[in-house]
Amino acid sequence: MSWDSVYTLVKKIPRGRVATYGRIGKALKLPGGARAAGRAMAACPGGQGIPWHRVVGAGGRLLLRESRVSLQRKLLESEGLQVVEKRIEDFASREWLPSAMDRRVELKRKG
DNA sequence: CATCTGACGACCG
DNA sequence: GCGGTCGCCAGAT
C-alpha cells in the first residue's frame, strides 16, 4: 500500500489548523479508514515538509506516545494552537476538513 | 506461514 | 469520564 495520497493530503493542512485520522481516512477512502491513516502517519518519512504534527485523533486528542507527543505539542503551540491535557482547545473551529463538500460544513458551522 | 504490534474510532455499560 | 469490544490491515520478526 502506498501512503503517498495521505502525505499529499496532509501537506495541504494549513498552518494553525489540524485534521483527524478519521477524516483523512474517509476523505481518501482508505481501506481500514482511520487506522489506515494512522498506519500511514506511523510510516511517515521525516524531513519532507510533511506537517505530521497537524494530524490528531478524533475530538482533537493527541494520541502519540509520550516520547513524541511533547514535540507535537510544541510544534502545534508554535503555530498558535492551544493544547490542554493532550487536547486541542477549541478543536471544532480549528479542524481543517479535506474535501470541498466538507468545507461547506465547516463554513456553516462557523456561522 | 504464524504471530505480534500499532500515530483509530464508534459504541456500550 | 473510564475501561472494554470490535472492525480492520500493513510491516516486522
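Chain letters run A, B, ... following the sequence lines, proteins first, then strands; residues in each count from 1. Quick note: numbers below take in every heavy atom, side chains included, and nothing from hydrogens, waters or symmetry partners.
Atom P of nucleotide B/dG9 and atom CE of A/Met41 are separated by 12 Å, given to the nearest angstrom. Per the geometry, CZ belonging to A/Arg39 stands 6 Å off P belonging to C/dA10, to the nearest Å. Rounding to whole angstrom units, CG of residue A/Leu28 and P of B/dC8 are separated by 17 Å. Straight-line distance from the CG atom of A/Leu30 to the C1' atom of B/dA7: 14 Å, rounded to whole Å. Computed from coordinates, the A/Arg61 CZ to C/dC2 P distance equals 10 Å when rounded to whole Å. Rounded to an integer number of Å, the gap from A/Leu62 CG to B/dC8 P is 12 Å. Rounded to whole Å, the distance from CH2 on A/Trp3 to C1' on B/dC8 is 12 Å. If you take CG of A/Asp4 and P of C/dA10, they are 15 Å apart, rounded to a whole angstrom.
Nucleic acid contact class of A/Leu63 (heavy atoms, under 4.0 Å, all strands): sugar-phosphate only.
Between atom CD of residue A/Gln82 and atom CD of residue A/Glu89 there is a gap of 5.5 Å, rounded to the nearest 0.5 Å. Note that CD of A/Glu77 and CD of A/Gln72 are 10.5 Å apart. Values are rounded to the nearest 0.5 Å.
Out of B/dA7, C/dA10, B/dG9, the shortest distance to the side chain of A/Met1 is found at C/dA10. Comparing B/dA7, B/dG6, C/dA10 against the side chain of A/Arg35 picks out B/dG6 as the nearest. Of all nucleotides listed (B/dG6, B/dA10, B/dC8), B/dA10 comes nearest to the side chain of A/Ala58.
Separation of the P atoms belonging to C/dC6 and B/dA7 is 22 Å when rounded to the nearest angstrom. Comparing C/dC8 with B/dT5, their C1' atoms sit 14 Å apart, to the nearest whole Å. Remark: the separation of the C1' atoms in B/dC1 and C/dT13 is 12 Å, to the nearest Å.
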Problem set entry | Residues A/Lys86, A/Glu66; criterion salt bridge (charged side-chain N to carboxylate O under 4.0 Å, His left out); working and verdict | CA-CA 10 Å; A/Lys86 293 183 178 175; A/Glu66 204 51 46; 2.8 Å; yes
For this session: Please assess A/Trp3 against A/Met41 for the test side-chain contact (heavy atoms from CB on, under 4.5 Å), listing each intermediate value before the final yes or no.
Result: CA-CA 8 Å; A/Trp3 303 121; A/Met41 294 315 291; over 6 Å; no
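The residues A/Arg17 and A/Glu79 are annotated as not salt-bridged, no charged nitrogen and carboxylate oxygen being separated by less than 4.0 angstrom.
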